[in-house]
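Structure record follows, encoded as structure tokens.
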Amino acid sequence: RGSELDAVYDEALSNEFGLIASNVAEPNVLIGLLEGASRAKSDLLLQLSEGACRFAGNGDARAGLTALSGYIEAVADRYDIGVFLNMDHQTNVEFIEYQLDREIPSSIMIDASSEPFEENVRITREVTSMAEAKDADVLIEAELGQIKGAEDGIEVDDAFYTDPEQAVEFVDRTGCDLLAISVGTQHGVAKGKDLELRPDLAGEIREALRDHGLDIPLVLHGSSGVQPDQLRTMLSHGICKVNKDTRYQYEYTRTALDHYETNRDAIVPPNEHLNGRESFFNETEWTPNKDHFDPRVSGRLIRERIADVHAELAEVSGSAGRS
Ligand code: G3H
Ligand code: ZN
């Protein structure tokens, strides 16, 4: 729940570590993350975007959210670590209300960062007020500044840094619990092409907030590919949530690709056996090898790879050993 997650962030702020916020859209990534976090003895922060919900629900985000959150809860129950759910990059206030009414996530990000400042404040305030009115045990994250790149259908062309003084006004007026800032990271694979990464800007934003009694956890989006030394600097400047999606997507596909390339000849029939046949099961002297094409075989490899990557990232972000 939000209050338990808030306690983790309090600890993170004072001890300068961060939770890796990992996007998840299907079971193999989820189980890999649970295994990796459990091995690292780290709490786990999972994220669902609206796109991931729509994908799981075959177009119906509410159905997908119900299915994914139920699955996550059932599987996570076996693990002896804190597992939290964040709703990533939400833009639809009605969908947020649906989440609040069902008390599904521990935190929700309202992303109105592409709007002009006043409109960003208005929309974010609408969401924080809604959460307050419903007395929901949910933290609200908002974003100020623009992070370039494409993330789950949201495309941003013009990146700009977060201004520390504007951040103070924004947090003061919206009452958000966490603030996502733009310090030069980018969503997706094209990293560092437009803005130079400015890890110290996180420190300037934190200082400004602190001066006004607003010492809230800061969030880094577009963190796949940020080097460990740069990340450590930002962790020491109040970054407590480190969003990563692209890295896991890459590891997933690369692991599957390696498996299928290596075992291609045992799965795909040689040309001389094709002869227009649709099936090779007991019909010719050549049969494909189920030990290679059963999706659970590549699925297990994906789980192991995601677990290894996540356990390593939990070490870098300092959350390992703290659950
Ligand atoms: O909200 C999700 C993250 O910001 C994704 O960042 O594209 O670097 O993995 P990434
Ligand atoms: Zn993001």
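In listed order, ligands and their atoms are each counted from 1. Heavy-atom basis, side chains included; hydrogens, waters and symmetry copies ignored. Note that the structure is a prediction, hence the values are computed from the model and not measured.
Of all the atoms in ligand 1, the ones that sit under 4.0 Å from a non-hydrogen atom of D245 are 5 (C), 9 (O), 10 (P). Ligand 1 places these atoms under 4.0 Å from at least one heavy atom of H221: 1 (O), 4 (O). For ligand 1, the atoms closer than 4.0 angstrom to any heavy atom of N23 are 2 (C). Here is the list of ligand 1 atoms found below 4.0 Å of a heavy atom in S223: 6 (O), 8 (O). Counting atoms of ligand 1 from 1 in the listed order, those under 4.0 Å from a heavy atom of K244 are 9 (O). Within ligand 1, the atoms closer than 4.0 Å to a non-hydrogen atom of G188 are 7 (O), numbered from 1 in the order shown.
Cation-pi contact between R198 and Y161: present, with separation from the ring centre below 6.0 Å and deviation from the ring axis of at most 45°. Seen from the ring of Y252, R254 does not count as a face-on cation partner, given the 6.0 Å and 45° thresholds.
Tracing side-chain contacts under 4.5 Å through hydrophobic residues (I, L, V, M, F, W, Y), one reaches V24 starting from L313; they form part of the same cluster.
Nearest to the Zn ion (ligand 2), among the N, O or S atoms that H221 has, is ND1.
Using a 4.5 Å cut-off on side-chain heavy atoms (C-beta onward), L46 and I72 make contact. You'll find the side chain of H89 reaches within 4.5 Å of the side chain of E143, heavy atoms only.
Neither the backbone nor the side chain of T185 has a heavy atom within less than 4.0 Å of ligand 1. Under 4.0 Å from ligand 1, the heavy atoms of D88 that appear belong solely to its side chain. Of the heavy atoms in A21, none comes closer than 4.0 Å to ligand 1.
By the 3.5 Å distance cut-off applied to N or O atoms, H89 is counted among the residues near ligand 1.
Using modelled atom types, one side-chain atom of Q227 and one backbone atom of G225 make a donor-acceptor pair closer than 3.5 Å. Of the possible polar contacts, none joining the R303 side chain to the N28 backbone as a donor-acceptor pair under 3.5 Å is found.
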CA sep, side-chain torsions, deciding dist, call: R39, D308, salt bridge (Lys or Arg N to Asp or Glu O under 4.0 Å): CA-CA 9 Å; R39 199 192 301 158; D308 287 348; 2.9 Å; yes
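In this structure, NE2 of H89 and NE2 of H187 enclose an angle of 100° at the Zn ion (ligand 2), rounded to 10°.
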